[in-house]
Amino acid sequence: MKSASPLMADELVACVASGIPATPAQVSHLAARIWAEAACHRSAFAWGDLPPGAADRTFALRSATLALNGG
């Protein structure tokens, strides 16, 4: 399911509408978007350069998981 607004992530709309838990790919995609939009100086492409244990990556992944799968 696609979002009617460019401000709302398609993954978020799809998971909430279907009630199906997010896939790892959906979580990662939303986390990258959260990370890039949290600071306007960041490039969305730089997400792939973050080390796996980076605090920013962990925070974005946890935020995306919470948004997509609930608490």
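Side-chain atoms of Ser28 never come within 3.5 Å of backbone atoms of Pro24 as a donor-acceptor pair (strictly under, hydrogens ignored).
Taking every heavy atom of both residues into account, Trp47 and Trp35 meet most closely at N-CZ3, 3.4 Å. Between Pro21 and Gln26, the shortest heavy-atom contact is O-OE1, 4.4 Å.
From Asp49, atom CG reaches atom CZ of Arg57 across 9.0 Å, with rounding to the nearest 0.5 Å.
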For residues 58-68, run the donor-acceptor check on the side chains, cut-off 3.5 Å, and write out each pair with its distance to 0.1 Å, sequence neighbours left out.
residue: Thr58; atom: OG1; partner: Ala54; partner atom: O; Å: 3.2
residue: Ser63; atom: OG; partner: Phe59; partner atom: O; Å: 2.9
residue: Thr65; atom: OG1; partner: Leu61; partner atom: O; Å: 2.9

